[in-house]
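For reference, the structure discussed in these notes is given below.
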Amino acid sequence: MLKDITLGQYFPGDTVVHRLDPRTKLILTVVYIAALFLVNTWGGYALVIAALAAVTAVAHIKPRAMLRGLKPLVFIIVFTGLLNLFFTRGDDVLFQWRFIHITYTGLNRAVSMVLRVMLLVSGTFLLTYTTSPLAITDGLERLLSPLNKLHVPVYELSLMMCIALRFIPTLIEETDRIMSAQKARGADLETGTLPERAKALLPLLIPLFISAFRRADELALAMECRCYNGGQGRTRMKELRMAGRDAVAFILGGLLVAGILVLRRLGI
Amino acid sequence: MSLIEIRGLTHVYSRGTPFEKTAIDNINLTIEAGGAVALIGHTGSGKSTLISHLNALLKPDSGTVLLDGEDIFASKAAMRAARFRVGVVFQYPEYQLFEETVAADIAYGPKNLKLPQEEIGRRVREAAAFVGFPEDRFDRSPLELSGGQKRRVAIAGVLAMEPELLVLDEPTAGLDPAGREDLLEKLFAWKNASGGTILLVTHDMSIANRCDRLIVMEEGRIALDGTPEAVFAHSDKLLSIGLDLPAAARIAGLLREQGVAVPQGVYAIEQLAAAILALRGKGGAPC
């Protein structure tokens with residue numbers, strides 16, 4: 001069922017990772033992503049996997065939940081792997097049959113690309129698993145606030161993102177409900193040719209769009225009823241404050257990057 | 001043979017995540033053909049999960065559902081076949097409407113059954129007649145209708161599949177009292193005319209006591225099961241689950257507390273009226 005998709009879902013908890021300032025987590029996630037592209041040795045991958053596993057354990061996220069998050073991306077991951085495996089040219093041929101050549105370079109690159117994609121995705125999952133969407137947008141807004149001077153509507157953008165994130169689970173639930181209702185009327189979404197299947201989606205998409213517009217309308221009305229008028233002069237109930245643990249997190253993040261750079265230089 | 005036999009049915013949501021929840025836990029139940037059964041329970045007691053198994057929309061973690069003795073989860077074909085024999089109307093079914101006209105929307109189910117055109121036309125007209133939707137409005141867009149009319153069209157869409165068991169999840173939620181009465185009457189009229197079986201999910205006791213069997217669920221298990229008399233006799237149990245008694249049963253209870261000898265097992269307004277009249281006739285006490 002759709003409910004089992006955990007893409008971008010928040011798992012409430014009260015661990016050190018959950019309590020970190022969202023700004024810290026956002027910056028570290030960006031650093032993590034950048035650092036991931038510097039990794040070019042197996043030792044480097046081992047280090048990143050170890051770091052990721054450590055944070056996952058500290059945050060009390062079950063490894064199974066992490067793996068399930070990767071499930072929707074199986075196609076992209078497999079595709080990346082196969083593409084690199086079959087289409088990398090090299091002299092060190094491992095296996096050859098008619099037009100298929102598999103080279104050692106290709107195998108190497110396929111495995112490292114697959115690892116990189118998986119680590120990239122699970123790293124960002126760790127952010128959304130441990131940080132509520134509200135905290136993420138809050139952090140993002142604060143991080144981007146200097147852009148306000150350049151007349152970038154940071155507040156409006158973060159509000160839009162916040163609303164979008166907020167409605168993902170609602171829309172998934174709604175899709176689930178409409179899907180159940182149409183299946184109960186004998187809708188067949190799984191078999192048939194591609195045009196048939198596309199047509200079979202209409203009974204799903206039309207009610208979903210209608211309800212999304214209805215919800216948007218209701219939300220706008222509710223906001224206006226509470227005299228909402230944008231970000232100007234708005235104060236916050238929860239001020240973000242950095243704490244000692246944030247400093248520790250930055251130091252650990254710096255150590256990870258340093259470790260990656262050292263391993264890269266050493267070629268391990 | 002029973003129409004539906006549920007054996008050891010268990011369903012767990014979000015297994016392996018912090019949100020893991022056992023929605024229904026080892027349910028055993030049989031439903032006979034031709035009855036009207038009410039499934040009652042508090043929000044989150046597993047009612048909706050249970051009914052989603054009856055037409056194989058959800059697959060159980062263990063246990064199974066037999067329809068006329070056949071396992072509905074046996075194969076994909078069996079699961080699909082079950083959907084045409086067990087019609088489920090979910091909560092707020094009006095949000096599932098999508099076609100350009102009312103007639104086309106009601107015809108969606110029969111069309112999926114791959115019926116001939118004349119048969120579809122007949123079923124659409126009959127289903128609309130059962131819910132009291134006028135034929136001269138068949139060409140309207142379902143989105144232009146009022147809430148109550150949309151609900152009728154959505155229910156007609158399931159009736160048009162001519163199910164043997166009709167399951168309705170809170171069919172009267174959000175309707176005004178007159179609309180509620182009217183819809184219930186029409187549903188029971190459908191049952192009597194078609195010889196079908198009705199399973200009503202509700203927490204409205206005044207709806208429940210029109211059925212001939214009540215099943216009360218609590219935290220994924222069956223707490224009480226029997227005729228309305230038998231179930232309403234356990235008033236303490238019902239109240240402890242957080243459910244109400246029908247108004248007549250409450251009044252009877254209050255009268256009994258005041259020393260008026262209203263007999264046990266009074267739960268419908270007509271019975272209460274008869275009981276009070278009988279007492280008056282006997283004792284001659286002025287009311």
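Here is the naming used below: chain letters follow the sequence lines, and residue numbers restart at 1 for every chain. Any value given below was found using the heavy atoms of this structure, including those in side chains, with hydrogens, waters and symmetry copies removed.
- Within a 6.0 Å radius of CD in B:Glu219, no more than 12 heavy atoms belonging to other residues, nucleotides or ligands are found.
- Counting heavy-atom pairs closer than 4.5 Å to chain A, the top-ranked of the candidates B:Arg83, B:Arg80, B:Met161, B:Lys111 is B:Arg80.
- Around CZ of B:Phe188, the count of heavy atoms belonging to other residues, nucleotides or ligands within 6.0 Å exceeds 12.
- The cationic group of A:Arg214 lies under 6.0 Å from the six-membered ring centre of B:Tyr95 and within 45° of the ring axis, placing it in a cation-pi geometry.
- Proximity to chain A is limited to the side chain of B:Lys76, based on heavy atoms less than 4.5 angstrom apart.
- Contact count against chain B (heavy-atom pairs under 4.5 Å) is highest for A:Pro203 among A:Ala184, A:Pro203, A:Pro207.
- By the neighbour-count criterion of 12 heavy atoms within 6.0 Å, atom CE of A:Met242 is densely surrounded, having more than that number from other residues, nucleotides or ligands.
- In this structure, NZ on A:Lys183 lies 14.0 Å from CD on B:Gln96, to the nearest 0.5 angstrom.
- Contact of the B:Leu143 side chain with the A:Ile210 side chain is registered, since non-hydrogen atoms from C-beta on lie closer than 4.5 Å.
- Taking CD from B:Glu99 and CG from A:Leu202, the interatomic distance works out to 8.5 Å, rounded to the nearest 0.5 Å.
- Chosen from A:Gln182, A:Arg177, A:Glu174, A:Arg64, the residue pairing most often with chain B at heavy-atom distances under 4.5 Å is A:Gln182.
- Going from atom CG of B:Asp169 over to atom OG of A:Ser180 covers 11.0 Å, rounded to the nearest 0.5 Å.
- The environment of B:Gln117 atom CD is sparse: at most 12 non-hydrogen atoms of other residues, nucleotides or ligands sit within 6.0 angstrom.
- Atom CG of residue A:Leu204 and atom CZ of residue B:Phe98 lie 10.0 Å apart, to the nearest 0.5 angstrom.
- For B:Met79, the CE atom is densely surrounded, since the number of other residues' heavy atoms within 6.0 Å is greater than 12.
- Checking B:Val89, B:Ile106, B:Asp105 one by one against A:Arg185, the side chain to side chain contact (heavy atoms under 4.5 Å, CB included) holds for a single residue, B:Asp105.
- Atom CD of B:Glu119 sits in a crowded spot, with more than 12 heavy atoms from other residues, nucleotides or ligands closer than 6.0 Å.
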